[in-house]
Amino acid sequence: MDDLRQKYLNAIADAADESALEDLRVTAVGKKGEVSLKMRELGRMTPEERQVAGPALNALKDEINSALAAKKSALEDAALDARLRDEWLDVTLPARQRPQGTIHPVSQVTEEVTAILADMGFAVAEGPQIETDWYNFDALNIPGHHPARTEMDTFYMHRDEGDNRPPHVLRTHTSPVQIRSMQENGAPIRIICPGRVYRADYDQTHTPMFHQVEGLAIDRDISMANLKWVLEEFFSAFFGTSVKTRFRASHFPFTEPSAEVDIQCSWEGGTVKVGEGDGWLEVLGSGMVHPKVLAAAGVDPNEWQGFAFGMGIDRMAMLKYGIPDLRAFFDSDLRWLRHYGFAALDQPTLHGGLVR
Ligand code: PHE
């Protein structure tokens, strides 16, 4: 019995892990284990022998069981110590940098413009960037032979030979959305449409893709006076200072009368400042919507009238945020984007402020 005892106590002391320990338990004190088999032999002993062997075997079994339990908890402690050593973490280390994008000035200004005009009751409308020439031109009183078609440097979509459908164009302005909105909703109507427009032109102040916001207000008695008020309110809110406007008589086929609108600015030291000085800067085209345009959109010109305007969003961003070169807007230069971009959570609202 001493041999048995020594054999198992040694083996338990040497066990490397819990599964080795479990094997030992089965071979020693399991149902068919060595100690259990010895216990079965008790029945064949004399009472005297049994009185000695019985308690001794029970004691051996207890001793092995408690050696197993002690070793098991020692192994668990060792495993925990090893984990604590391995899974060490310095919580004082600074976090790894995560690259963070910025909001492009065009997006920012689009949101600002939308917030101001939405507050004046203009809903946001949208239209396709690939337009039929009817929406882009004809419906806006620009017939096929009209010089405005070539003046606008229109991008025409390719047509296969023998495909005689009228051409599609990349819209040259947001004005086609006037037509689509009136067709859809009739009058009265008050909408703006911010979006991309395209013209084949590229220099310091022109890119082939740029952004406009169209405005349209049609009701029974809307006049140029309402247009002037809306624009002056708009510019003052947008630039955060009261801004005078100057209306110059102009011509657009889709408005009559038409006006180009300048805003007050100063030109000191080669930089433009809006809302001060006695200089002027042209920022948009506008006018009273031409009766033919209303009619083309299914609105009765004898009953309804109103104004429309079209303004360059990129130009507004340059003026407000002092950005010198238009082409840089679309170069995707990360340094430029970081410098002129806006924080994602810094979105403009009327209550949060539009001017920084
Ligand atoms: N669509 C004109 C342009 O792109 C601007 C405009 C819009 C003028 C609405 C008058 C009325 O130049």
Side-chain angles (χ1 to χ4, degrees), residues 106 110 113 117 122 124-129 131-143 146-155 169-182 187 189-201 205-219 222-228 230-231 234-235 245-263 281-297 299 301 304-316 326:
V106 169
T110 302
V113 168
L117 290 165
F122 288 84
V124 175
E126 285 184 310
Q129 295 175 39
E131 265 298 6
T132 64
D133 67 343
W134 188 83
Y135 278 105
N136 197 78
F137 295 123
D138 299 76
L140 291 163
N141 194 30
I142 312 174
H146 198 282
R149 291 212 181 192
T150 43
E151 267 165 34
M152 276 193 172
D153 305 306
T154 311
F155 285 112
V169 301
L170 293 181
R171 70 179 179 194
T172 58
H173 50 182
T174 42
S175 300
V177 184
Q178 290 185 32
I179 308 296
R180 290 182 175 276
S181 310
M182 286 190 282
I189 190 170
R190 239 190 282 181
I191 54 112
I192 56 167
C193 168
R196 291 182 171 172
V197 300
Y198 302 84
R199 292 179 200 177
D201 207 349
T205 52
H206 296 91
T207 50
M209 184 281 297
F210 59 104
H211 300 82
Q212 285 188 335
V213 58
E214 193 81 7
L216 173 72
I218 304 292
D219 210 321
I222 289 191
S223 72
M224 290 290 272
N226 300 121
L227 170 65
K228 187 163 169 103
V230 164
L231 290 179
F234 167 77
F235 287 122
T245 61
R246 183 171 77 172
F247 280 55
R248 273 182 297 102
S250 180
H251 176 263
F252 298 102
F254 33 93
T255 46
E256 181 59 36
S258 302
E260 280 176 314
V261 177
D262 304 338
I263 53 176
L281 192 69
E282 183 196 321
V283 289
L284 61 81
S286 65
M288 295 299 290
V289 178
H290 197 290
K292 282 190 177 171
V293 172
L294 294 174
V299 167
W304 306 100
Q305 64 177 34
F307 66 74
F309 63 83
M311 179 169 64
I313 291 180
D314 320 78
R315 167 62 82 80
M316 286 294 128
L326 175 67

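As the structure lists them, so they are numbered: ligands from 1, and atoms in each ligand from 1.
Counting only heavy atoms of the protein, atom 9 (C) of ligand 1 lies nearest to E214 OE2, 3.3 Å. When hydrogens are left out, the protein atom nearest atom 2 (C) of ligand 1 is F254 CZ, 3.7 Å; that is the closest non-hydrogen contact. Protein heavy atom in closest approach to atom 7 (C) of ligand 1: G310 N, 3.3 Å.
When each of F254, Y198, F309 is paired with H173, the ring-ring contact (aromatic ring centres under 6.0 Å, His included) condition holds for F254 and for no other.
Close approach of ligand 1 to S175 (heavy-atom distance below 4.0 Å) involves ligand atoms 1 (N), 7 (C). Contact atoms of ligand 1 toward Q212: 3 (C), 4 (O) (distance under 4.0 Å to a heavy atom of the residue).
Taken to the nearest 0.5 Å, the CZ atom of R190 stands 11.5 Å off from the CD1 atom of I218.
Of the possible donor and acceptor atoms, none in the side chain of D153 sits under 3.5 Å from a partner among the backbone N and O of R199.
In this comparison of M311, R199, E260, the heavy atom closest to atom 12 (O) of ligand 1 sits on R199.
Between V124 and P194, the closest heavy-atom pair is CG1-CD, 3.9 Å.
Ion pairing of E131 with R180 is present here, as a side-chain N (NZ or NE/NH1/NH2) and a carboxylate O approach within less than 4.0 Å.
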